[in-house]
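After the structure tokens below, expect a handful of questions from me.
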Amino acid sequence: MMITDRTRIKRTDPDIRKTANVCQMHRFFLASEAADGLDDDCRNARIGCVDRKRALADSIIERYGAIVERSRELRRNPDKVVAIIKEGSRRARAEAQETMTEVRRAIKMDWE
């Protein structure tokens, strides 16, 4: 549970504090102008704490929803995950071999 303002009993009560933890957290997900507007709406009782929490939840879902859905998809398809890992391993091994060839060539040049 995230407490916003214990002194703000009714939605129509203005938020007398400068910042609430929900407001600060919401700034991670919004542009400054949008966050400032919501802060002003809270302070002037145009929206309530529950409204702000819903807006924060919506912002979090908007930001991370695609990641959650991709995670669910991959969990449903473990063979796909294994294939992705194997392909990544193959590509990394090829890159490492090229790098080691360059390193060996450079070291040999230094010894000559």
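Side chains included, hydrogens not; waters and symmetry mates left out as well; all remaining heavy atoms used.
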So, using side chain to side chain contact (heavy atoms under 4.5 Å, CB included) as the criterion, who are the partners of Asp40 when residues are at least two apart? Arg43, Asn44, Arg46
Got Asp39 and His26 here, is their nearest side-chain heavy-atom distance under 4.5 Å? no
About how many Å separate CG of Asn77 and CD1 of Ile84, when rounded to the nearest 0.5 Å?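 It comes to 9.0 Å.
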Between Thr101 (side chain only) and Gln97 (backbone N and O only), is there a donor and an acceptor less than 3.5 Å apart? yes
Establish whether Ile67 and Val81 are linked, either directly or via other cluster members, by ILVMFWY side-chain heavy-atom contacts under 4.5 Å.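 Different clusters.
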Just grab all the salt bridge (charged side-chain N to carboxylate O under 4.0 Å, His left out) pairs involving residues 88-102, residues at least two apart or on different chains.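 Applying salt bridge (charged side-chain N to carboxylate O under 4.0 Å, His left out) to every pair that reaches into residues 88-102, excluding sequence neighbours, yields Glu87-Arg90.
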Could you pull out all residues at least two apart from Arg104 that satisfy salt bridge (Lys or Arg N to Asp or Glu O under 4.0 Å)?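 For Arg104, no residue satisfies salt bridge (Lys or Arg N to Asp or Glu O under 4.0 Å) once neighbours in sequence are set aside.
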From Phe29 atom CZ to Ile60 atom CD1, the distance as rounded to the nearest 0.5 Å: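 The CZ atom of Phe29 sits 4.5 Å away from the CD1 atom of Ile60.
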Going by heavy atoms in the side chains, are Leu38 and Asp51 under 4.5 Å from each other? no
Taking Asp58 first and then Arg63, would you say they form a salt bridge - that is, a charged N and a carboxylate O separated by under 4.0 Å?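 No salt bridge links Asp58 with Arg63.
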Same apolar cluster: Tyr64 and Met25, side chain cutoff 4.5 Å: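 Cluster IDs for Tyr64 and Met25 match.
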Does a salt bridge link Glu69 with Arg76, judged by any charged N lying under 4.0 Å from a carboxylate O? yes
Taking only Lys NZ, Arg NE, NH1 and NH2, and the carboxylate oxygens of Asp or Glu, determine whether Arg52 and Asp41 approach each other closer than 4.0 Å.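 No, no charged N to carboxylate O under 4.0 Å.
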